[in-house]
Number of protein chains: 2
Amino acid sequence: MSTTKDRLLDSAEQLFSREGFSSTSVRQITAAAGVNLAALNYHFGSKEQLISAVFARRLGPLNEERLGLLERCSRESEGGVPSLRASVTALVGPALRLSQDPDRGGERFMLLMGRAFSEPGHGVEELVLRQFEELAQRFFPVFRHHLGDLSEETFFWRIHFLIGAMAHTMAASKRLDFVSGGCCSLDNPEAAVGRLVDFVVAGLRAPDRVETKP
Amino acid sequence: MSTTKDRLLDSAEQLFSREGFSSTSVRQITAAAGVNLAALNYHFGSKEQLISAVFARRLGPLNEERLGLLERCSRESEGGVPSLRASVTALVGPALRLSQDPDRGGERFMLLMGRAFSEPGHGVEELVLRQFEELAQRFFPVFRHHLGDLSEETFFWRIHFLIGAMAHTMAASKRLDFVSGGCCSLDNPEAAVGRLVDFVVAGLRAPDRVETKP
DNA sequence: GTCTATATGGGGATAGAC
DNA sequence: GTCTATCCCCATATAGAC
């Protein structure tokens, strides 16, 4: 039997992903969860703290999975440094698989990640960026090891593009349907991971043609 | 002298980009514009129609610029087909330059584009996708001409990644500051365009390693 | 075209009984 | 932990005078 707290988290995740944070009222959430209006404030204190809780529930395990994969690749590689392809896969694979797993929020949670940045003022942006810092500390040095030819500026720009391609793939599968006229979809996560990694690794490895200003 | 209508559009653009659509009230908008509350409904009919108007004002000229650039490249190329690099530049260049031009909404409008997709229910998503269709009709055949080796499915996935990298670059310059520890920024749009094009063209051209299912 | 005043409805949060 | 009832505030939209 699911607890009141869990039902609130589930209903909130679903409604926030469909309607946005501001457009979703606590009355809608409690009604959908089949619990009393006052239970929300009792368990979470406020609507804002509920929003944070919705994110924290998914983000922790996701990032642990990414770090665990990276570590496994490190141990299995000679020299202790995983290949660029393997490390990019460790970063984007868990996220894309999560986005197709209905038991862990599936597509809903990925839509929410997009919203975290584009609908500010709920404290979520900070939460997500803080979680990201831990990833950066572990992943960036590995990337840098394979991309020593790039200037520092170009290196970070490339990371930025990588994040963009990944975020868009997670959050915008509906737009993929649209641009492809229906011929592509995300139902095969492993193929999507492969395609994303192909694209990103080639982009990261492109020669650095932009002069850094002196 | 700016008209009431323009002042409402400017204030709305600014507030929507900072706070989101639902969180911004018509009272805030009219107060910031220094006009009467009722003027908003008089000129635009409703808050929703104002939102659409904010987008339509910027999106039309932007896409015309992109199509114009593509056409110019076509005329200047032998055979009438511009290079992959030139056509990608025609697509992403105007958007990145716009995002740095305060006279045309600058960064504000780019944040709004992100919000258009992540805060639904205001009719904006449809508006943006409709505008995008015209771009697709002109740009996609050129891209396909240079990427004949890819399966159709992989081709559209690559376009999807291209859009992701572009959208993220436009909307998320603050996150670039963050991931780079402050060493990168968007103040030099031409360098940013160059870096984005380098990354994207290399990604598009990567060999197709994913088997299409039979 | 612009204003004031108001109609009408919903929002988040809480006090206090059970 | 859960409920009811309620406080107080703000939302969008419009009617009707100027």
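Below, read A as the first sequence line, B as the second, and so on, with proteins coming before strands; counting in each chain starts at 1. Just the heavy atoms: all of them, side chains too, but no hydrogens, waters or symmetry mates, feed the values below.
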Mark up nucleotides 3-16 of chain C, 5' to 3', with B wherever a protein heavy atom is under 4.0 angstrom from a base atom, S wherever such an atom reaches only the sugar-phosphate, and - elsewhere.
BB------BBBB--
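For the helix from C:dG1-D:dC18 to C:dC18-D:dG1, the end axes, each set by the C1' atoms of five terminal pairs, are bent relative to each other by 0° (nearest 10°).
Between A:T4 and D:dT2, a side-chain N or O to OP1/OP2 separation shorter than 4.0 Å is present.
Proximity of B:E65 to B:R97: side-chain heavy atoms (C-beta onward) are separated by under 4.5 Å at one or more points.
Protein atom NZ of A:K5 is 15 Å distant from nucleotide atom C1' of D:dT2, rounded to whole Å. Distance, B:R7 CZ to C:dT2 C1': 13 Å, rounded to whole Å. Note: CG (A:D6) to P (D:dG1) measures 12 Å, nearest angstrom.
Both the sub-6.0 Å distance and the 45° axial angle are satisfied by B:R175 relative to the ring of A:F117. Remark: B:R104 is not positioned above the aromatic ring of B:F109, lacking an NZ or CZ atom under 6.0 angstrom from the ring centre and at most 45 degrees off the axis. Both the sub-6.0 Å distance and the 45° axial angle are not jointly satisfied by B:R195 relative to the ring of A:F161.
The aromatic ring centroids of B:H168 and A:H168 lie 6.0 Å or more from each other.
A donor-acceptor pair is defined here as one N or O able to donate and one able to accept, closer than 3.5 Å; such a pair exists between the side chain of A:S17 and the backbone of A:Q14. With hydrogens and angles disregarded, no donor-acceptor distance shorter than 3.5 Å links the side chain of B:S52 to the backbone of B:Q49.
Between B:S22 and A:S22, the side chains place no donor N or O within less than 3.5 Å of an acceptor N or O (distance only, hydrogens not considered).
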